[in-house]
Structure formats: structure tokens, C-alpha cells
Trainee: 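Structure in C-alpha cells, see below.
Ligands are counted one by one from 1 in listed order, and the atoms in each one are counted from 1 as well. Each residue takes its place number in the sequence, starting with 1.
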Amino acid sequence: MLLHIPAVLDTTTLARCIDLIKQADWADGRVTAGSQAATVKNNRQLPEISPVAQALRAIVLEALSKNPAFFSAALPRRISPPLFNRYGDTANAFGNHVDNAIRTHPPSAQHVRTDLSFTLFLSHPTDYDGGELIIEDGMGGRAVKLPAGDLILYPSYSVHRVEPVTHGARLACFSWLESMVRDPQQRELLHELDQSIVALRGEHGETDTAVQLTSCYHNLMRMWVTV
Ligand code: NI
């Protein structure tokens, strides 16, 4: 499942992020890539321990924690500390690869199984040419290029790439998460059920049916959440 979550960052927060990023010193993006990915990766990243990256990370994690659509779709148990990248000039693309199954955050030594990946776009689509995130789906790939502040959630097992940026610069935040529900079909079913209950409540208010379906939702969660 690919899920587009709009306006994860509002315009004020986005502007704060861009102000911070202007102070950043970029490094070679291959530092966080696995051996296969490193051969096709050519971009820049903020060093994980840089003060700018840490400030940006706190902003993004707070925004994600307040986003019910993100929670409903991802059911996150652990989010790998978000990273920030820049595609442009001569470091402008990332060829086909699959994300590593496990991310380890060096300061905490915490392991995160990567069930879902996300990209949070920080640049406006008109700021750069190219730079589409292509997620292979067996049909030639889905091209994703979203408004600044919007996020795409996609399965970490998918082959994906970032097309060359031929003009301007593409800034983004990206990371991976381990879900409380490992099975993608179970997770998607819970998400659909949750969204349907929200819609039902919106149309009819609190009803016995809505309560019953909410009970089903939580009982399915009890069956499927791994601890
Ligand atoms: Ni990737």
C-alpha cells in the first residue's frame, strides 16, 4: 500500500525547517546505505549527529506523533530517527534499491525492523525538475512527487529509486519504522476499518453500530499486535 498523507508539516513549521536547513553542512549520503544501495546512491545528507539534523528530527517526530492518519496507517512501534537529504547539482539521484531490513541507531543501539518507509517532501515540486520517487509495482513503477509538507508511506520491501534532479534542489526527510502489526494485509485491513468507522461516525454520529465496529477494530488489534 502506498499512502499519501497531506500536510504533515503546516506552512509555519515547514518554513522553520527550511530556515534550519539553510544553516546545514551536507555530507555524502552513502554513509547510511547498505552495500548494494551504496553503489547506486548519489545524494547528500545531513550528518545524523549534527545539531541541525537533531532539531529537524524533533520537529518531524512531533508532527508525526500528532497525525492520526499516520498512526492509523502505520501503527508505529519504533521510528528510526529521521534523516534529511538533498538531491541536486552533481549528487542528484539514487538508483533502484531495497532498504535494509534492520536499521540500528548508533547512540541507542536500538534495532528497528523496517516494515514501512516514508519520505516527507520539504521542497515544493516547482523548486526542482525530476526527483520523482519511483516505487516499483510490477507495472512500470509509481512516480511520487508531492507538495512540500506531504508524506508518502510505502512498504520497505519495495524496490524504489529517486530519479535524477536535473534543475534546482530536492530537500526531503526520510525514515523507516517498525509497525506493531507486522503483516501488511492485517495492517491495511485495520487501517481501512478505522477509516470506515471514522466516516460512519461523521455521517451518523455515535451509534450502536459504530461502537460495535470499534470493538471489532480493537479486538483485531489484540489478536494481531506483536509485543
Ligand atoms: Ni530507499
Side-chain angles (χ1 to χ4, degrees), residues 1-5 8-9 17 21 24 26-48 50 53 56-57 60-61 64 70 73-74 76-106 110-123 125 128 130-146 148-166 169-179 182 184 187:
M1 176 186 64
L2 306 188
L3 187 71
H4 171 190
I5 304 178
V8 168
L9 300 180
C17 289
I21 252 176
W26 297 94
D28 190 321
R30 279 174 289 199
V31 66
T32 55
S35 52
Q36 183 275 327
T39 64
V40 290
K41 187 172 186 181
N42 179 28
N43 67 359
R44 298 197 195 288
Q45 279 176 209
L46 295 187
E48 286 183 71
S50 78
L56 288 166
R57 190 176 297 145
V60 169
L61 287 174
L64 291 176
F70 178 78
R77 182 200 309 288
R78 294 190 194 98
I79 302 175
S80 186
L83 299 166
F84 298 86
N85 61 18
R86 180 187 190 279
Y87 291 82
D89 309 315
T90 55
N92 60 19
F94 193 170
N96 267 346
H97 67 280
V98 176
D99 296 339
N100 284 0
I102 304 287
R103 306 296 312 186
T104 304
H105 182 48
Q110 187 180 59
H111 301 301
V112 177
R113 185 189 63 231
T114 59
D115 295 320
L116 291 166
S117 304
F118 67 80
T119 295
L120 170 58
F121 289 77
L122 300 177
S123 297
Y128 58 99
E132 295 84 359
L133 171 65
I134 309 287
I135 301 165
E136 290 291 350
D137 57 0
M139 304 279 285
R142 289 279 299 271
V144 180
K145 186 169 181 175
L146 299 180
D150 288 16
L151 179 146
I152 184 85
L153 195 61
Y154 60 99
S156 299
Y157 57 73
S158 60
V159 173
H160 56 276
R161 66 182 180 273
V162 176
E163 296 284 53
V165 169
T166 55
R170 172 198 193 270
L171 301 171
C173 167
F174 66 103
S175 195
W176 308 268
L177 64 90
E178 180 175 318
S179 178
R182 181 178 179 180
R187 197 187 314 120

Trainee: Can you list, by chain and residue number, the protein N, O or S atoms under 2.8 Å from the Ni ion (ligand 1)?
Mentor: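 The answer is His97 NE2, Asp99 OD1, His160 NE2.
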Trainee: Can you tell me how far the OH atom of Tyr87 sits from the OH atom of Tyr128, to the nearest 0.5 Å?
Mentor: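 Here the interatomic distance stands at 10.5 Å.
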Trainee: Go through the steps for Lys41 and Asn43 under the test side-chain contact (heavy atoms from CB on, under 4.5 Å), then give the verdict.
Mentor: CA-CA 6 Å; Lys41 187 172 186 181; Asn43 67 359; 3.3 Å; yes
Trainee: Is there a side-chain contact between Ile5 and Phe118, using heavy atoms and a 4.5 Å cut-off?
Mentor: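 They are not in contact (no side-chain heavy atoms under 4.5 Å apart), so the answer is no.
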Trainee: Parallel, tilted or perpendicular, judged at 30° and 60°: which one describes the rings of Phe94 and His97?
Mentor: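 Geometry flag for His97 against Phe94: parallel rings.
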Trainee: Consider only side-chain N and O atoms of Asp99 and Ser117, and report whether a donor and an acceptor are under 3.5 Å apart.
Mentor: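 Distance-only check passes for Asp99 and Ser117.
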Trainee: Any heavy-atom pair between the side chains of Trp176 and Leu83 that's under 4.5 Å?
Mentor: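 Heavy-atom side-chain distance check passes, below 4.5 Å.
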